[in-house]
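These notes concern the structure reproduced below.
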There are 2 protein chains.
Amino acid sequence: MRPTLQTVADAVGVSRSTVSNAYGRPDQLSPELREKILEAARRIGYAGPNPTARSLRRGRAGAIGVLFTPTLSYAFTDPYAVEFLRGLAETAENHRTGLLLVPLGADDEGALSAVREASVDGFCVYCVPGWYRAMSAALARGLPMVNSEYQGELYVGIDEAAATRAVGEHLTTLGHRRFAVIGTYIGTDPETGPTTVGAPEDLPSYVSRERLRGYRDAFAAAGVPWPDVMTVNAATNTREDGAAAAAYALDRDPHPTALVATTDVLALGALDALRERGLRAGADVSVTGFDDVPAAAGAGLTTVRQPAYERGRIAGELLLDPPDDPARRRVTLDTELVVRPSTGPAPV
Amino acid sequence: MRPTLQTVADAVGVSRSTVSNAYGRPDQLSPELREKILEAARRIGYAGPNPTARSLRRGRAGAIGVLFTPTLSYAFTDPYAVEFLRGLAETAENHRTGLLLVPLGADDEGALSAVREASVDGFCVYCVPGWYRAMSAALARGLPMVNSEYQGELYVGIDEAAATRAVGEHLTTLGHRRFAVIGTYIGTDPETGPTTVGAPEDLPSYVSRERLRGYRDAFAAAGVPWPDVMTVNAATNTREDGAAAAAYALDRDPHPTALVATTDVLALGALDALRERGLRAGADVSVTGFDDVPAAAGAGLTTVRQPAYERGRIAGELLLDPPDDPARRRVTLDTELVVRPSTGPAPV
DNA sequence: TTGAAAGCGTTACCAC
DNA sequence: GTGGTAACGCTTTCAA
């Protein structure tokens, strides 16, 4: 049987409380006794108080739960997500708090129970669509929760629509008038392919909705009504699906002169699709992304820089050390349009 | 006060056990009663059994602890580590198990308590030097532990020395005879700069030790004794420190014709240093790395490909579903020398 | 099908 | 400085 506090207490001939104090409140007993207890523990093979029992008793788990878009492993394929996590991890570490990556899995029921079974003091929700039931389950736990997408009590985000509006204006200024928008969660069915988005406002995913709003407004300002804009859904936020979605757009006749993707990963895929067809980015077709992931610079991709690391860091801060002033619990960070060679004047 | 099982039991007029069954063993009570209980819970605002209490009672935490090289956030800056984590996350998810990233922090004492306070069912230790006390603390917990570096009961790794021997032979075959080895944890002091490694066998870090052994053996076979090989320590596994270490080597006269780094990240930094000096990689100076991270291909870096994702996946498998056959609990994966333009014949 | 009782391993409070 | 006692919130026999 594994040793417990009691085992050690018996061995030394003191009470449980004293052993407990030896670990948690060294000032409550004499250094000699403490050393004697620790020594006995070592001899017996007692590795210290059981963390779960301690958590239960103390009412604090010592970890915050991280909810990521359905599959956990996906988080690590997305360079933006990795940066976000890095910021979050840093804050957590400073607060001596663990990060529990919650295994949402593919099925809804599993995700629900995973959220309900997570021993955490709060949740950081990232990139989980609002209609996903796991979100409500997390909310129901009644724990602090910071969300980068919805406007909750704790919030850190960017003005998504303003950012994409800037991208759209950049393109219309360059003379573009035929656009294709490539994004995830913008289709009625989850396949990669053309779709019709009546109005961006109706989209269930916050990020897609806001970003599309921005594009639409910019295009409309240049006289291009939304129904004339091609929209292509990407099943997942991967380079492959980005390429497939772009392929669809490029194979129309006439094809769009500008491909605007809602993420860099999709945009990088779009560049792949251009290359395959011998089209020159920025000359034959312009391409834009969003996020400014590390690979974007190398690919010469015009995009929106958003502070991923900062966003993660602040999310952690909000969760672990919320400001007293409610107003400061809602943070909006700045973004910046980064123009690179993937965009250029519309071909005549 | 937060509602508990009892609150719900009282509200419905049943016992705690029945409410517990409603959640954990639906087959133990009538569907009607169950629905009635769940409904009451919803009304009261009870989000389901407290995960910590459940863990305590069941004796299972439902998570595995991940121990990463001192700073947690570092894990996310290292592309190899991210791939490893992705594999681990996938396995964990399949087993409906969480991943607890343990906040080791910078100081030793903090790391110890972090390890002792982690509510987990096992540990996956990655890239934590053996002399780091957190390792012993993890060991002392008496939980299953998989280590990619040391030969424990559960092990998944590669033949590090054989892999670097192949790199060394590649270079000696190309005619190189003046080498500089750049690596982390190879210096007596933790600064970036020249150091003397009497014998690789004496290094405290398993990975560095093994990798240097391989280089030494290959160089020796070509008639270059170890003391003639320049060794430069890199304080951290970052591109910056790789560049700084390479700078030192390149600024000697005569400088080495080949820079062998123990990781790709360091090697990419070395390429930066070459570029700064107007030296051509593969022509003036050859450079090699280790890992084959995504950026290595783009940089034309000769390196050793090792299955990072697979390594993480298997680590998880070993922890969560250990094979009955003890022999199969120790896995060694294959590596492959990938030759790219960063290596070429030694200049005459 | 339901309920009573006995822990799981701790910590906090309050006497001594 | 030390030790009793009572929770923390749950699950699990076992008996009804």
Side-chain angles (χ1 to χ4, degrees), chain A residues 1-38 40-41 44-62 113 116-121 140-143, chain B residues 1-38 40-41 44-62 113 116-121 140-143:
Chain A
M1 210 197 60
R2 298 179 69 82
T4 70
L5 259 191
Q6 189 65 256
T7 323
V8 179
D10 292 347
V12 183
V14 294
S15 78
R16 285 208 302 261
S17 327
T18 305
V19 179
S20 176
N21 283 335
Y23 284 96
R25 311 187 155 184
D27 51 314
Q28 297 292 300
L29 68 175
S30 65
E32 300 79 47
L33 179 55
R34 173 158 194 259
E35 194 38 62
K36 193 169 149 194
I37 290 174
L38 261 29
I44 293 172
Y46 176 71
N50 177 312
T52 307
R54 174 175 272 197
S55 289
L56 175 59
R57 183 57 237 233
R58 286 192 169 158
R60 160 167 197 288
S113 66
R116 287 201 278 248
E117 304 227 335
S119 290
V120 296
D121 302 317
R141 287 281 300 269
L143 298 171
Chain B
M1 210 199 61
R2 298 177 70 81
T4 70
L5 260 191
Q6 189 66 258
T7 322
V8 180
D10 292 346
V12 184
V14 295
S15 78
R16 286 210 302 259
S17 332
T18 304
V19 179
S20 175
N21 283 334
Y23 284 96
R25 311 186 153 183
D27 51 316
Q28 298 290 300
L29 71 175
S30 66
E32 301 79 49
L33 180 54
R34 173 157 194 260
E35 194 36 63
K36 194 170 147 193
I37 291 174
L38 262 31
I44 294 171
Y46 177 71
N50 177 312
T52 306
R54 173 176 274 198
S55 288
L56 176 59
R57 181 59 235 234
R58 286 194 169 154
R60 159 169 199 289
S113 67
R116 288 202 276 250
E117 303 226 339
S119 290
V120 296
D121 302 317
R141 288 280 301 268
L143 297 171

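Note that this is a predicted model, so its numbers are computed, not measured. Chain letters run A, B, ... following the sequence lines, proteins first, then strands; residues in each count from 1. All values below were derived from every heavy atom in this structure, side-chain atoms included, with hydrogens, water molecules and symmetry-related copies excluded.
- Residue A:Ser15 places at least one side-chain N or O under 4.0 Å from the OP1 or OP2 atom of D:dG3.
- Side-chain atoms of B:Thr18 and B:Ile37, non-hydrogen and from C-beta on, do get closer than 4.5 Å to each other.
- Counting any heavy atom pair closer than 4.0 Å across all strands shown, B:Gln28 reaches a base atom.
- Residues B:Val12 and B:Val19 have side chains not in contact (no heavy-atom distance under 4.5 Å, counting atoms from C-beta outward).
- Near DNA chain C, meaning a heavy atom under 4.0 Å from it, residues 31-38 of chain B has B:Leu33 in order of number.
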Listed pairs under 3.5 Å, donor-acceptor, residues 46-57 of chain A side chains, sequence neighbours left out:
| residue | atom | partner | partner atom | Å |
| --- | --- | --- | --- | --- |
| A:Tyr46 | OH | A:Gly48 | O | 3.4 |
| A:Asn50 | OD1 | A:Thr52 | N | 2.7 |
| A:Asn50 | OD1 | A:Ala53 | N | 3.0 |
| A:Thr52 | OG1 | B:Ser119 | OG | 3.4 |
| A:Arg54 | NH1 | B:Glu117 | OE2 | 2.4 |
| A:Ser55 | OG | A:Pro51 | O | 3.0 |
| A:Ser55 | OG | A:Arg60 | O | 3.3 |

List the atom pairs, donor and acceptor, that lie under 3.5 Å between side-chain atoms in residues 21-31 of chain B and the rest of the protein, sequence neighbours left out.
| residue | atom | partner | partner atom | Å |
| --- | --- | --- | --- | --- |
| B:Asn21 | ND2 | B:Ser17 | O | 3.4 |
| B:Ser30 | OG | B:Leu33 | N | 3.2 |

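- Rounded to 10 degrees, the angle between the two end axes of the helix from C:dT1-D:dA16 to C:dC16-D:dG1 is 30°, with five pairs used at each end.
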query: With the sugar-phosphate defined as primed atoms, P, OP1 and OP2, and the base as all remaining atoms, what B/S/- string results for nucleotides 11-16 of chain D, 5' to 3', for protein heavy atoms under 4.0 Å?
result: BB----
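- Nearest heavy-atom pair, B:Ile44 versus B:Pro3, reported as atom, atom and distance to 0.1 Å: CG2-CB, 3.8 Å.
- Extent of DNA chain C lying under 4.0 Å from chain A heavy atoms, first and last nucleotide in 5' to 3' order, is C:dG9 to C:dA12.
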query: For B:Asp121 and B:Leu143, what are the C-alpha separation, side-chain angles and deciding distance, and is it a side-chain contact (heavy atoms from CB on, under 4.5 Å)?
result: CA-CA 6 Å; B:Asp121 302 317; B:Leu143 297 171; 5.8 Å; no
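- A residue-by-residue look at B:Leu56 and B:Val14 shows that B:Val14 has its nearest nucleotide of DNA chain C further toward the 5' end.
- Separation of atoms CD (A:Gln6) and CG (A:Asp10) is listed at 4.5 Å; rounding is to 0.5 Å.
- Taking both residues in full, the closest heavy atoms of A:Arg16 and A:Leu5 are given as O-CD1, 4.1 Å, listed atom of the first, atom of the second, then distance.
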